[in-house]
Amino acid sequence: MPSPDTAVRRTDYTPPAYLIDTVDLAFDLDPGNTTVTNRMRVRRNPQAAGAALLLHGQELELLGIEIDGAPCHDHRLTPDGLLIEHPPQDFELRLVTRCHPQENTSLMGLYVSNGNFFTQCEAEGFRKITYFLDRPDVMATYTVTLRADRQRYPILLANGNLAEQGELPDGRHYAVWHDPFKKPSYLFAVVAGQLVCREERIRIGSGEEKLLQVWVEPRDLPKTAHAMASLIHAIRWDEQRFGLALDLERFMIVAVSDFNMGAMENKGLNVFNTKYVLADAQTATDVDYGNIEAVVGHEYFHNWTGNRVTCRDWFQLSLKEGLTVFRDQEFSADMMGTESGRAVKRIEDVRVLRQAQFPEDAGPMAHPVRPDSYVEINNFYTVTVYEKGAEVVRMYQTLLGRDGFRRGMDLYFARHDGQAVTCDDFRQAMADANGRDLTQFSRWYSQAGTPRVKVTGHHDAAARTYTLTLRQECPKVGVEMLPGTPDKLPFHIPFAVGLLDTSGHDLPLRLQGDDGAAATTLVLDFTEAEQRFTFVDIDEPPLPSLLRNFSAPVIVEHEYTVDELAFLMAHDSDPFNRWEAGQRLATRQLLAHVEAIRRGELPSVDTFVIDAFRQVLRDDTLDPAYRELALTLPGESYLGEQMDEIDPAAIHAARQYMRQRLATALHTEWLAAYHNHQTPGDYRPDAASAGQRGLKNLALSYLSELNDTHVTQTAQVQYEHANNMTDRLAALNALVNGGQSAQEAASAALAEFYSRFEQEPLAIDKWFALQAMQRATGAQRVIDTIRTLLQHPAFTLKNPNRARALIFSFCAGNPAQFHAADGSGYAFWADQVLALDALNPQVAARLARVLDRWRKYTPALRGAMLDALNRVAAHQGLSKDVREIVDKAIG
Ligand code: TRP
Ligand code: ZN
């Protein structure tokens with residue numbers, strides 16, 4: 001366990017002793033030594049105690065310090081920064097510091113990527129640029145001067161509006177930027193270098209004209225159209241759905257290829273991983289196009305939810321991230337354009353939640369949406385804060401309705417614009433705007449874990465009623481298991497239900513004692529540990545459709561028969577639950593197969609999944625995108641979570657067995673689907689075309705299970721003639737995972753792909769990732785391929801995208817190979833965590849998390865995993881990022 005003095009606690013929050021009103025920063029940019037002159041107005045905070053001023057600072061060289069124009073001697077450097085013991089009440093502080101961007105491999109603070117300068121300040125990176133009160137509740141107005149060599153750095157960008165620019169002696173030039181909005185330091189950004197932009201002027205609802213720019217390296221300019229279109233859609237959508245308008249004259253997006261995460265919402269100057277900006281038909285897949293739209297939307301939406309109203313402290317991170325993910329999910333859903341498209345988006349989002357967040361919420365890193373303590377805040381940019389946080393926000397909308405949610409948002413901005421606030425402030429605005437008591441709802445913020453809801457139904461023929469009994473439980477997880485943590489209390493769960501009659505139609509629903517109009521879906525206010533809901537006028541035993549549209553982030557347990565699931569799959573009016581029924585059916589069968597395989601038996605050949613899948617595959621009234629999701633088996637990691645003890649090899653064998661069964665039994669149907677969903681003509685990334693490709697390529701991937709030379713030929717032809725990356729990559733995947741008969745073709749295609757895209761880093765990432773996630777063919781071990789690829793000239797640990805493509809894809813995306821019984825995967829993992837930690841602790845800590853569920857595995861694997869964890873933990877000089885993860889994992 002991390003020693004208590006290194007952990008930061010939510011309840012220890014105190015307001016800052018000083019406030020900073022204005023910051024005037026001047027950068028003399030040079031890759032080796034950059035000098036930063038920082039002039040700021042500082043004053044005592046009337047709301048706070050304490051007289052000393054501790055400015056955060058890391059890896060800085062202090063060259064000068066003046067207070068009100070006179071050299072200051074009353075200061076001292078500490079491990080955390082710069083301490084001024086007795087500053088005046090109100091003064092100007094002038095600091096000159098130096099940093100070393102070229103050597104900065106952490107990609108936090110000021111760094112160099114492909115010869116250009118970038119910054120990343122969230123969460124605590126500004127302190128690597130200058131000494132500052134680097135916390136989100138200190139908000140200031142910034143003016144920034146950038147000076148650099150004109151030839152090497154023709155473009156100089158910072159937040160806000162360009163105030164001035166001009167020439168300097170010695171071939172240098174400068175630009176002055178002013179941001180009129182007060183902001184916390186984490187939203188600060190500068191970018192400088194050889195960049196070009198696509199720009200567009202638009203008029204917003206108020207009639208004002210705005211300048212939009214997407215900045216990239218010159219060769220990437222042709223790949224910026226989709227990002228620009230996405231930005232314009234996002235601006236329009238936020239005005240329409242939430243009445244929120246763009247507040248700056250100019251809004252810029254910049255792409256950078258070395259980046260720790262997806263993108264960053266710096267005020268007026270969003271910085272993006274190239275992966276979430278650049279797209280053209282040849283290099284980006286349909287999924288990439290969708291992700292770009294979502295991330296461009298996400299960062300843009302932060303301008304209100306995060307920037308105009310920000311977080312008081314980092315424990316409130318979900319205030320901006322959960323809310324903004326919810327907003328980007330709704331944006332993407334609306335952009336799908338159809339009801340069935342909305343359902344597809346919802347299913348995809350829930351899959352992410354279940355595959356990544358549910359395991360997190362059951363493991364050693366489990367934490368509430370609003371955590372109570374952390375050692376390293378970067379470790380808390382988690383699927384819990386983001387995705388479960390978005391579900392929590394969605395529940396307000398489910399409880400209050402769309403209009404009620406909008407009233408809550410309006411009140412939130414009316415109250416808090418320009419402030420740094422808490423999750424409680426958001427909840428209070430929702431409550432007050434709707435006259436609702438949301439006190440109990442606050443437990444979604446304070447308690448971790450995924451609640452389980454057990455449901456039983458009882459039909460009373462004489463009384464013509466149907467009663468659902470709901471029981472919720474949520475045992476302690478993660479830090480909640482430490483002694484002294486209070487007992488957990490029931491959650492306020494909006495539980496959406498419908499009841500189907502024997503012909504599959506929705507029954508009109510009315511609760512006993514409620515005389516409102518009947519509806520076909522009711523949202524039950526489920527607030528107690530056990531609660532009964534009685535529906536009246538129900539003549540025959542109905543079939544319940546539970547948790548429609550996944551109305552709360554819980555696990556529903558109900559004893560459905562196989563026939564009932566097949567019935568729901570065919571008839572439920574809620575598209576999410578139709579999909580869900582199919583997944584339950586498949587999961588049940590797959591888990592039985594896993595058990596059989598573990599006993600050394602052959603899986604029994606049941607036909608109910610095959611029949612149900614055949615019906616879906618043949619049903620042309622269903623959207624192809626929806627059918628693709630319905631016909632995709634639950635993932636190996638999701639299946640593992642359903643077991644008491646994870647056995648990755650058995651899970652993989654069971655899933656493969658089922659895929660082969662489905663491939664064989666539905667052979668003609670898959671061939672028909674393949675041929676009927678071609679998309680001739682120019683590539684178009686719209687949802688309908690993407691859906692066609694999705695189903696077609698799923699068909700190809702099932703067919704490739706057959707180890708059949710005809711299929712190999714089909715994949716080869718698709719590979720060669722593809723006019724887009726989606727089809728080319730799907731074909732390559734079918735070849736690489738197509739068994740012995742496809743091996744020669746697979747090698748040839750891999751080589752062709754590499755030479756075709758040698759100059760396209762994002763495509764080469766796909767090349768590494770696809771090989772890292774391949775299945776074993778014959779006796780070949782994938783780990784040997786991985787170790788060979790590590791030596792490939794195109795591989796580097798310094799670029800996070802590349803490291804993720806090879807290392808994370810193998811460790812997290814190829815469970816059957818990674819968990820090889822000989823422990824070779826774990827040894828590789830430990831090597832790479834340590835190597836990465838020396839360069840980039842933030843990324844290393846993400847990789848470290850791959851083993852944090854070790855206790856859930858079979859005994860032999862568990863021991864080997866613990867050995868690997870101990871090896872990392874024993875390393876001297878581990879970053880606190882990785883230290884926190886391995887200490888919590890080992891426990
Ligand atoms: N706030 C960013 C987002 O969600 C993510 C982010 C946080 C980030 N810290 C970062 C991005 C560090 C890059 C590096 O939109
Ligand atoms: Zn965000």
Side-chain angles (χ1 to χ4, degrees), residues 58 104-111 113 118-129 134-136 159 183-189 191 227 230-231 234 238 253-277 291-311 313-332 352 369 371 374 376-390 393 799-801 803-804 839-846 879 881:
Q58 258 172 26
N104 182 355
T105 57
S106 72
L107 312 184
M108 293 297 291
L110 180 66
Y111 66 95
S113 169
F118 297 88
T119 57
Q120 172 57 39
C121 293
E122 187 176 7
E124 298 178 336
F126 192 69
R127 61 188 65 184
K128 297 176 92 177
I129 295 174
D134 192 12
R135 43 186 287 171
N159 313 89
K183 64 168 174 285
S185 52
Y186 83 86
L187 291 173
F188 171 85
V191 171
S230 300
L231 176 59
D238 216 10
I253 285 176
V254 190
V256 56
S257 49
D258 296 287
F259 203 64
N260 284 348
M261 301 219 235
M264 179 63 214
E265 70 266 24
N266 316 300
K267 185 77 185 187
L269 182 59
N270 290 355
V271 176
F272 276 63
N273 188 324
T274 44
K275 183 174 163 58
Y276 297 110
V277 177
N291 288 342
I292 290 168
E293 180 180 80
V295 179
V296 167
H298 180 95
E299 306 311 328
Y300 176 74
F301 302 142
H302 267 314
N303 191 48
W304 280 92
T305 50
N307 302 4
R308 288 288 288 257
V309 183
T310 196
C311 303
D313 55 69
W314 291 120
F315 296 104
Q316 318 298 327
L317 183 58
S318 199
L319 172 76
K320 74 177 177 80
E321 294 304 347
L323 177 53
T324 305
V325 171
F326 168 74
R327 276 151 54 69
D328 84 53
Q329 289 176 347
E330 287 290 279
F331 167 60
S332 294
V352 171
V369 162
Y374 60 76
E376 169 53 61
I377 184 56
N378 284 326
N379 287 334
F380 284 80
Y381 287 76
T382 58
V383 273
T384 297
V385 166
Y386 276 65
E387 315 297 328
K388 187 178 180 181
V393 173
N799 176 267
N801 287 357
R804 283 186 277 257
L839 297 168
N840 188 330
Q842 207 177 325
V843 175
R846 300 265 158 182
S879 68
D881 306 59

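In listed order, ligands and their atoms are each counted from 1.
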[X] and [Y]: side chain donor to acceptor below 3.5 Å:
X    : Y    : value
T119 : K128 : no
Q842 : D881 : no
H298 : E265 : no

Can you list the ligand 1 atoms lying under 4.0 Å from a non-hydrogen atom of [X]?
X    : result
E265 : 1 (N), 2 (C), 3 (C), 15 (O)
H298 : 3 (C), 4 (O), 15 (O)
F259 : 11 (C), 13 (C)
M264 : 1 (N), 2 (C)
A263 : 2 (C), 3 (C), 5 (C), 11 (C), 15 (O)
Q842 : 12 (C)
K320 : 1 (N)

Indicate the ring-plane relationship of F188 and F126, choosing parallel, tilted or perpendicular according to the 30° and 60° boundaries. perpendicular

TODO: May I ask you to check whether E299 brings an N, O or S atom to under 2.8 Å from the Zn ion (ligand 2)?
DONE: no

Residues at least two apart in sequence or cross-chain that pass salt bridge (Lys or Arg N to Asp or Glu O under 4.0 Å) with K275, listed by chain then number, are none

Smallest heavy-atom separation, S106 atom then P841 atom, equals CB-CD, 4.5 Å

Answer key: the N, O or S atom of E321 nearest to the Zn ion (ligand 2) is OE1

Checklist line | ligand 1 to Y381 polar contact by distance, N or O atoms, under 3.5 Å | finding: no

Does an N or O anywhere in Y386 fall below 3.5 Å from an N or O of ligand 1? yes

E376/N378 under side chain to side chain donor-acceptor pair (under 3.5 Å): CA gap, chis, key distance, verdict
CA-CA 5 Å; E376 169 53 61; N378 284 326; 3.1 Å; yes

task = Begin with the C-alpha distance, continue with both residues' side-chain angles, and end with the deciding distance and a verdict on ring-ring contact (aromatic ring centres under 6.0 Å, His included) for F315 and Y374.
result = CA-CA 9 Å; F315 296 104; Y374 60 76; 4.8 Å; yes

What protein heavy atom lies closest to [atom]? Include the residue and the distance to one decimal.
atom                    : result
atom 12 (C) of ligand 1 : Q120 NE2, 3.2 Å
atom 9 (N) of ligand 1  : M261 CE, 3.2 Å
atom 1 (N) of ligand 1  : E122 OE1, 2.5 Å

- [ ] Kindly state whether the ring of F272 and the ring of F259 have centres lying under 6.0 angstrom apart.
- [x] no

